[in-house]
Amino acid sequence: MGVFTFVLRNSGGDWFAKQHSGDIEASADSTFALQRKLIQAALAVDSSGGVQSSYSPVSPTSAVFQVIVGGAAVVARVGGAAAAGGAAPAEAAPAAEKKKEEKVEESDEEDYGGLSLFDDE
């Protein structure tokens, strides 16, 4: 699995990227085009599997872009059971939902000085 992290900067309307810990660099006229180039560059170094990426703007002229090649597969849940996992995560979900419902009920009991949304006056 390869993890590639890039710092992106805009200068004069063009976007430039430099790998945080490595030698990969690229430039393009848009962040989208630059992301495509960076994914291709990462795949040229490590083509061991699927590709995931994330783009996080930091300011209007800078961003962080990360490419993960060959990471773990995403597990989908179908009908409350894990498609590629065991039954343990599915059993934990109802307990978490119950705790969430309890928190909602507690917040519904706030005192608004005798006022209610359902009062006629």
Side-chain angles (χ1 to χ4, degrees):
M1 178 174 88
V3 178
F4 302 85
T5 303
F6 301 94
V7 176
L8 283 61
R9 297 198 184 272
N10 184 306
S11 178
D14 288 331
W15 284 90
F16 300 92
K18 180 165 178 33
Q19 187 176 2
H20 179 61
S21 295
D23 298 329
I24 300 175
E25 295 183 16
S27 64
D29 60 351
S30 70
T31 57
F32 179 75
L34 185 54
Q35 290 174 46
R36 290 178 56 121
K37 285 184 176 184
L38 294 172
I39 289 171
Q40 293 302 320
L43 285 172
V45 173
D46 181 357
S47 59
S48 62
V51 177
Q52 296 178 11
S53 66
S54 67
Y55 174 80
S56 301
V58 176
S59 74
T61 59
S62 64
V64 175
F65 183 62
Q66 190 169 52
V67 179
I68 301 172
V69 179
V74 176
V75 177
R77 293 190 180 273
V78 180
E91 292 172 2
E97 288 177 13
K98 186 175 181 180
K99 286 182 182 178
K100 186 176 180 181
E101 288 175 10
E102 289 173 6
K103 288 180 184 177
V104 171
E105 289 174 10
E106 290 173 8
S107 65
D108 289 342
E109 296 176 8
E110 292 180 21
D111 184 21
Y112 293 104
L115 298 175
S116 171
L117 293 173
F118 302 105
D119 288 342
D120 291 332
E121 294 177 15

Enter the distance from [X]:[atom1] to [Y]:[atom2] here, rounded to the nearest 0.5 Å.
{"X": "S53", "Y": "I68", "atom1": "OG", "atom2": "CD1", "answer": "9.0 Å"}
{"X": "L8", "Y": "L34", "atom1": "CG", "atom2": "CG", "answer": "4.5 Å"}
{"X": "S27", "Y": "K18", "atom1": "OG", "atom2": "NZ", "answer": "13.5 Å"}
{"X": "I24", "Y": "T5", "atom1": "CD1", "atom2": "OG1", "answer": "10.5 Å"}

- Step by step, would you call F6 with V67 a side chain to side chain contact (heavy atoms under 4.5 Å, CB included)? CA-CA 8 Å; F6 301 94; V67 179; 4.1 Å; yes
- Mind listing the closest non-hydrogen atom pair of Q66 and V3 along with its distance? NE2-CG1, 3.3 Å
- Message: For a quick test of reading the model, state the closest non-hydrogen atom pair linking S30 to A33 and the distance between them.
- Response: OG-N, 3.1 Å
- Query: Does the side chain to side chain contact (heavy atoms under 4.5 Å, CB included) test come out yes or no for V69 and S48, once each step is laid out?
  - Reply: CA-CA 7 Å; V69 179; S48 62; 4.1 Å; yes
- Item | L38 and F4: CA distance, side-chain angles, deciding distance, side chain to side chain contact (heavy atoms under 4.5 Å, CB included) verdict | CA-CA 9 Å; L38 294 172; F4 302 85; over 6 Å; no
- Message: I'd like to know if Y55 and V51 are part of one continuous hydrophobic network [Ile/Leu/Val/Met/Phe/Trp/Tyr, side-chain heavy atoms within less than 4.5 Å].
- Response: yes
